Amino acid sequence: MSIRARFAPSPTGQVHIGNIRVAIFNWLFARHENGRFLLRIEDTDRERCTPEAIATLLDSMHWLGLDYDEEALYQSTQFDRQHALAEWLLEQGYAYRSGEESQGTAIVFRIPWEARSYDCVHYSEQVDVQLHADEPLVIDATGVNYAHISRKGKPVKEKSCLVGMADLAVYDTDGGCLFYMPDAIDEILEGGKSFSFDNAARLSFSRHNVSYNDIIKGTLSKPLDSLKDMVIVRSDGSPVFHLANVSDDITQEITHIIRGDDHVENTYRHILLYKALQYDPPRYAHLPMIVNAQGKPYSKRDGDAFVGDFRSKGYLPEALFNYLSLLGWSPGDDREKMSRGELVEAFTLDRVQHTPAQVDLRKLEHLNGQYIAELNVQDFVSQAREFADEQPWGDNIDEKQFQRVAELMQTRTKKLVDVESWAHFFRDIPEYDQQACRKMLTNAETRQALSRVREKFQTISFEEGEIEQAIHAATEEVGIKQGKLNQPLRVAVTGRTVGAGIYETLAVLGREAACRRLDYAINNLCGEDDDE
RNA sequence: GACCCCAUCGUCUAGUGGCCUAGGACUCCGGGUUUUCAUCCCGGCAACAGGGGUUCGAGUCCCCUUGGGGUCGCCA
């Protein structure tokens, strides 16, 4: 059978970086296996799940190239199917109603009494539990309520599903047997009878474990008695996550569920639900979570937590995709910068890490810089232009000029927002770094040399080579060492100490702008060494 | 607190009992190219959490401790 994986987000307006990584891993897995990658939109939270939120989600996926097969399934369209399953469970005795009739009753999934015969359930050990005298032992159709004794002697309340203690025997302080589950189960299940004991001192039962083989984490198991029956339909009639999720996965014929680590504990119950519903459970793979730069789980306040944050800072989708795929996974060799095709080819779940991975923005930035450097010039120009549009100086600029600046700056750009530092190319007079001015421009010789350069600029053809020659000539005339004028000139013309080569910068700027700035600097910034 | 999972440089990772004197990448620090910066090239700092076993041999297997994470809802 062909593999079917899915991404099942609940759109809330922004797409979390951890979620999109789950989507990427699902996508990579599906594409590697030549299977299908499906999208299911869990849009049952009417408050938060607006059309805009869905649009944002789709947009983020499209941006990252996460194309999906078949039509997206909207969970809100599946109520009938989900309710039908709940009703069926009710009819079969796998579920019961709970709560006050007047308030409306919830539907609760009962961990099936025959669970011990499932192939995913195995005997584990004999268990004895000492009970706390303060809390009564109550056994009814919803399970076994009891309290064991904590290390400090306090009562710790617990609840187990009935089958978790299927051969339960209850003893009083004298060792007398008060209750034996196999004798009472019919009365409980069919008659709704309940038992309560104030004098119960000890429980004894044979423990069974539900287990499954996680593709990433290996064999995992959980005692059946640590599981409680779970609500699958709320008293207001709305299906709970567990039911909706399983129901829709059945509908979409999902074969592999790849999701965050936070779902591991749900898996046991979901498997049991599948079993009760008479379906084979899918394979599961639980991804380690990703954590922020502080090593803590991402919270909404972290900043840089959403796909949109990265996009608006000018990370390229290929770079983010590449980086995220390397968080918690590696191809097994030294490759890091990998194309989508290479990633698809190399991706297997068994190489996924078992530990939470910390996001390192610097590494992402480095990778992004590499992707930017590889962009062909026209792509870079047009993408940079979009970011320039956001700048106050971005409105009426010469496109030819912009292109020349972009060519100069491409290898110096790590993120597209870096174009904000190109301002000095496009304003009449740049913003001057005062400290740099003091350091670079306040020398008398410098002022003199700049004046000479200014004069020469008037007459030369304004090209890189001639500009360089003019500068050399000026320094010689004034008696400054070759190259010593470059930085002062840079400050005078761009306002800052770093940037592209000064000859190129000058050439791009053009005679008119260069001279205007030189005049400004000479007249306003080149005061003698006279700072008070 | 209970249950479960995990543990290699600061970070992402390679490593599946001998090929490990623990490799790569980011960061940082040197050096080279260069008119500054960036790119590019060369070099350096830096890790098997601790303690016990098993074994001729352990980063690799087992146990304990410590540390981290996850889960304990009519949230998803």
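We name chains A, B, ... by the order of the sequence lines, and we start the count at 1 in each one. As the structure is a prediction and not an experimental result, all values here were calculated from the model.
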Other residues, nucleotides and ligands only: do more than 12 of their heavy atoms fall within 6.0 Å of CD on A:E431?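 Counting other residues, nucleotides and ligands, CD of A:E431 stays at 12 neighbours or fewer.
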Check step by step if side chain to side chain donor-acceptor pair (under 3.5 Å) holds for A:D229 and A:T142. CA-CA 7 Å; A:D229 292 351; A:T142 70; over 6 Å; no
Distance-only donor-acceptor test, A:N266 side-chain atoms vs B:A76 base atoms, 3.5 Å: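 Such a pair is found, so the answer is yes.
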Does A:S226 make a side-chain donor-acceptor contact with the base of B:C3, cut-off 3.5 Å?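 Flag unset: no donor-acceptor pair detected.
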Under 3.5 Å on both distances, the Watson-Crick or G-U partner of [N]:
N	value
B:A2	B:U71
B:U16	none
B:A7	B:U66

So, is the end of the A:R21 side chain (NZ or CZ) under 6.0 Å from the ring centre of A:F25 and within 45° of the ring's axis?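 Yes, cation above the ring, under 6.0 Å and within 45°.
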Within 45° cone of A:Y371 ring axis and under 6.0 Å: A:K337 NZ or CZ: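 Yes, A:K337 sits over the ring of A:Y371.
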Can you build the contact string for nucleotides 15-22 of chain B? Use B for base contact, S for sugar-phosphate-only contact, and - for no protein heavy atom under 4.0 Å. S-------
Below the 4.0 Å mark, does [N] have OP1 or OP2 next to a side-chain nitrogen or oxygen of [X]?
X	N	answer
A:R234	B:A76	yes
A:Q410	B:A38	no
A:K296	B:G68	no

Has A:H263 got its ring stacked on B:A76, by the test of a centre gap below 5.5 Å and a plane angle below 30°?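 Yes.
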Does [X] reach a base, just sugar-phosphate, or nothing at all? Heavy atoms under 4.0 Å.
X	value
A:S235	base
A:A500	base
A:P297	sugar-phosphate
A:K414	sugar-phosphate
A:K157	nothing
A:G328	sugar-phosphate
A:Y323	nothing

Aromatic ring proximity, centroids under 6.0 angstrom, A:Y268 and A:Y212: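 Yes; A:Y268 has its ring centre under 6.0 Å from that of A:Y212.
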Could you check, using the six-membered ring where one of them is a Trp, whether A:W329 and A:F347 have ring centers closer than 6.0 angstrom?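 Yes; A:F347 has its ring centre under 6.0 Å from that of A:W329.
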Checking contacts here: which listed nucleotide (B:G24, B:U36, B:G73) is nearest the side-chain heavy atoms of A:D334?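 The nucleotide sitting nearest to the side chain is B:G24.
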Nearest of B:G70, B:A14, B:U35 to any side-chain atom of A:I502?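 Comparing B:G70, B:A14, B:U35 against the side chain of A:I502, the answer is B:U35.
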Gap between atoms CG and P, on A:L243 and B:C75 respectively (whole Å):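 To the nearest whole Å, that distance equals 14 Å.
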A:Q403 and A:E407: CA distance, side-chain angles, deciding distance, side chain to side chain donor-acceptor pair (under 3.5 Å) verdict: CA-CA 6 Å; A:Q403 165 140 1; A:E407 284 172 23; 3.2 Å; yes
